[in-house]
2 protein chains.
Amino acid sequence: MTKDLYSIPDIIMSRLPVYYQHLKKLKESNKTYVSSEELAKLTGFSSSLIRKDLSYFGTFGRKSYGYDIFCLFQQIRIIMGFNYNKKIILIGAGHLGQALAYNKGYIERGYKLTAVFDKNPKLIGLVINDLEIKSISDLENYLSENKVDAAILTVPEAAAQKTADRLVAAGIKAIWSFAEVPIKVPADVLVEEQLINEGLCKLSVKMNQPRINKSEVEEDFDCEQK
Amino acid sequence: MTKDLYSIPDIIMSRLPVYYQHLKKLKESNKTYVSSEELAKLTGFSSSLIRKDLSYFGTFGRKSYGYDIFCLFQQIRIIMGFNYNKKIILIGAGHLGQALAYNKGYIERGYKLTAVFDKNPKLIGLVINDLEIKSISDLENYLSENKVDAAILTVPEAAAQKTADRLVAAGIKAIWSFAEVPIKVPADVLVEEQLINEGLCKLSVKMNQPRINKSEVEEDFDCEQK
DNA sequence: TAGATTGTTAATCGATTAACAATC
DNA sequence: TAGATTGTTAATCGATTAACAATC
């Protein structure tokens with residue numbers, strides 16, 4: 001029996017992509033079941049935590065067998081909304097934008113990239129991954145004629161807020177933003193800020209731990225308040 | 001007085017990039033101080049949590065003024081290790097790899113991108129962002145002659161593990177992996193998995209909430225155990 | 001001074017773990 | 001059957017919040 005999925009806490013939601021990734025991999029193996037202990041080894045979460053998490057989604061476990069890999073995978077897809085078709089557009093066809101135009105992750109997550117926009121006349125008209133780059137001046141027109149669920153924002157920092165404002169004004173309710181600068185939107189619009197360099201930060205923090213432990217920090221730093 | 005920085009919990013560490021991003025922005029304004037209440041509005045964290053977090057790093061706050069923006073910014077840079085110079089290389093010059101070669105985030109975080117490698121003969125020799133793409137067969141040779149602190153892994157999924165193994169064998173201790181597949185490394189090697197499509201997942205989950213709340217889920221799904 | 005805001009403590013809240021009965 | 005492993009409860013652990021004295 002499935003519990004009220006609406007009540008699944010954020011922290012569990014944040015582990016879903018990790019389960020998804022590993023189950024996808026497991027699905028390709030010839031195994032049918034996976035135990036919480038095996039998932040623990042793969043994910044780094046404790047087996048106890050995994051059993052607790054999974055119990056939110058229903059009862060896929062069979063005592064002494066483990067979890068049905070395929071069922072679990074399907075259910076996580078449903079909770080994450082991957083089984084629901086969504087249209088997404090890309091604003092900004094610079095280096096990162098182009099890489100995202102070639103991203104293979106859309107389909108399996110239920111997204112279809114339907115249009116790419118840019119401001120640069122040199123890019124407009126070029127075709128990337130079968131999509132012709134449209135002029136950003138056509139944005140409002142396009143959105144009035146096509147139902148679009150979300151937009152990817154990969155414009156330069158300076159243009160990010162203005163472009164987001166245009167998207168919101170044109171009715172977009174979800175933005176995946178790669179702008180390094182935080183953007184402001186009304187409360188009914190979802191923004192997912194993808195700090196692309198966050199991984200670089202985390203790596204740096206971890207590489208830094210041994211040095212910080214030797215506490216050369218205070219010496220380096222002469223900005224303390226008295 | 002600064003506490004033992006080594007003991008800063010992961011959860012606080014994970015908020016550092018957010019503080020960093022907002023302080024960087026604030027630094028450009030003409031303000032000298034920012035209050036925990038203002039930071040709360042910007043970050044979405046509670047002012048109480050922010051004061052608690054910041055108290056770990058030292059005493060930058062002045063009662064009735066707030067926090068010295070520049071000092072706080074500097075200290076967070078130190079904790080994240082941005083003031084320490086690191087060399088990084090890029091393996092895989094496909095669409096995403098090229099976008100990362102043009103990424104402007106390295107310098108301010110103390111990284112310098114020093115080499116780009118690829119397997120594809122059509123790419124080898126091309127210059128992207130002033131770096132000539134080298135053959136992956138030169139990897140070991142390059143690493144034996146150059147001190148490198150970290151590697152960015154943007155090779156296709158199928159090559160990810162093997163390439164990671166080569167990097168580890170050649171002495172690399174930190175990998176920023178964009179492979180969609182989890183990679184295995186020895187315990188003394190740091191891996192930061194950047195699930196590029198995680199933002200897409202999060203967006204999807206949030207867009208899905210209203211529908212899930214109407215609980216069409218159980219009907220959709222006929223994979224339950226009996 | 002009066003108002004503002006920190007730094008910190010204690011209280012609360014929530015998440016994780018340990019343990020084990022149930023059972024395949 | 002005996003061994004394995006879930007699902008769940010209670011105990012623990014850790015993180016967040018509320019509150020307020022200190023003080024600029």
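Chain naming here is simple, since letters A, B, ... match the order of the sequence lines and numbering starts at 1 in each. The shown structure was predicted, so the numbers you read here are calculated from the model rather than taken from an experiment.
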In whole angstrom, give the distance that lies between atom [atom1] of [X] and atom [atom2] of [N].
X     : N      : atom1 : atom2 : answer
B/I12 : D/dG14 : CD1   : C1'   : 11 Å
A/Y56 : D/dT9  : OH    : C1'   : 13 Å
B/Y33 : C/dG7  : OH    : C1'   : 16 Å
A/D10 : C/dC13 : CG    : P     : 18 Å
A/I50 : D/dT8  : CD1   : P     : 17 Å
A/R15 : C/dT17 : CZ    : P     : 9 Å
A/D53 : C/dT16 : CG    : P     : 7 Å
A/K52 : D/dA10 : NZ    : C1'   : 10 Å

Closest non-hydrogen atom pair, A/P17 against A/S14: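 Closest approach of A/P17 to A/S14: CD-O, 3.5 Å.
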
What heavy-atom pair brings B/S204 and A/K86 nearest, and what distance separates the two atoms? OG-NZ, 3.5 Å

Determine which pairs satisfy side chain to side chain donor-acceptor pair (under 3.5 Å) with at least one residue from residues 93-106 of chain A, sequence neighbours left out, and list them in order.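 Sorted pair list: A/N103-B/N197.
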
Nucleotides 2-6 of chain D: which of its N/O atoms have a protein N/O under 3.5 Å away?
unit_1, atom_1, unit_2, atom_2, d
D/dT5, O4', A/S64, N, 3.1
D/dT6, OP1, A/S36, N, 2.7
D/dT6, OP2, A/S36, OG, 2.6

Nearest to side-chain heavy atoms of B/P9, which nucleotide of D/dA15, C/dT17, D/dG7: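 Closest nucleotide among those given: D/dA15.
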
Closest nucleotide among D/dT8, C/dA15, D/dG7 to the A/T59 side chain: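 The answer is D/dG7, which lies nearest to the side chain.
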
Per the side chain to side chain contact (heavy atoms under 4.5 Å, CB included) rule, which among A/I50, A/I76, A/D53 passes with A/R15? A/D53

Under a 3.5 Å cut-off on both pairing distances, which runs of 3 or more consecutive Watson-Crick or G-U pairs involve DNA chain C? C:3-24 with D:3-24

Between side-chain atoms of residues 181-192 of chain A and protein atoms elsewhere (two or more places apart, or another chain), which donor-acceptor pairs fall under 3.5 Å?
unit_1, atom_1, unit_2, atom_2, d
A/D188, OD2, A/K173, NZ, 2.8
A/E192, OE1, B/K206, NZ, 3.0

Using heavy-atom distances to pick each residue's nearest nucleotide on DNA chain C, tell me which of A/F45 and B/L54 is more 5'. B/L54

Do the side-chain N or O atoms of A/S46 get closer than 4.0 angstrom to the phosphate oxygens (OP1, OP2) of C/dT17?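 A/S46 to C/dT17 OP1/OP2: side-chain N or O found under 4.0 Å.
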
Who passes salt bridge (charged side-chain N to carboxylate O under 4.0 Å, His left out) against B/R109, sequence neighbours left out?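 B/R109 satisfies salt bridge (charged side-chain N to carboxylate O under 4.0 Å, His left out) with A/E180 only.
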
Does B/T154 reach the main-chain N or O of B/I91 with its side chain, forming a donor-acceptor pair under 3.5 Å? yes

So, the side chain of A/D149 versus the backbone of A/A174: is there a donor-acceptor pair under 3.5 Å, distance only?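 Between the backbone of A/A174 and the side chain of A/D149 there is no qualifying donor-acceptor contact (under 3.5 Å).
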
Under the side chain to side chain contact (heavy atoms under 4.5 Å, CB included) test, which residues partner B/R51, sequence neighbours left out? B/S36, B/S47, B/S48, B/Y67

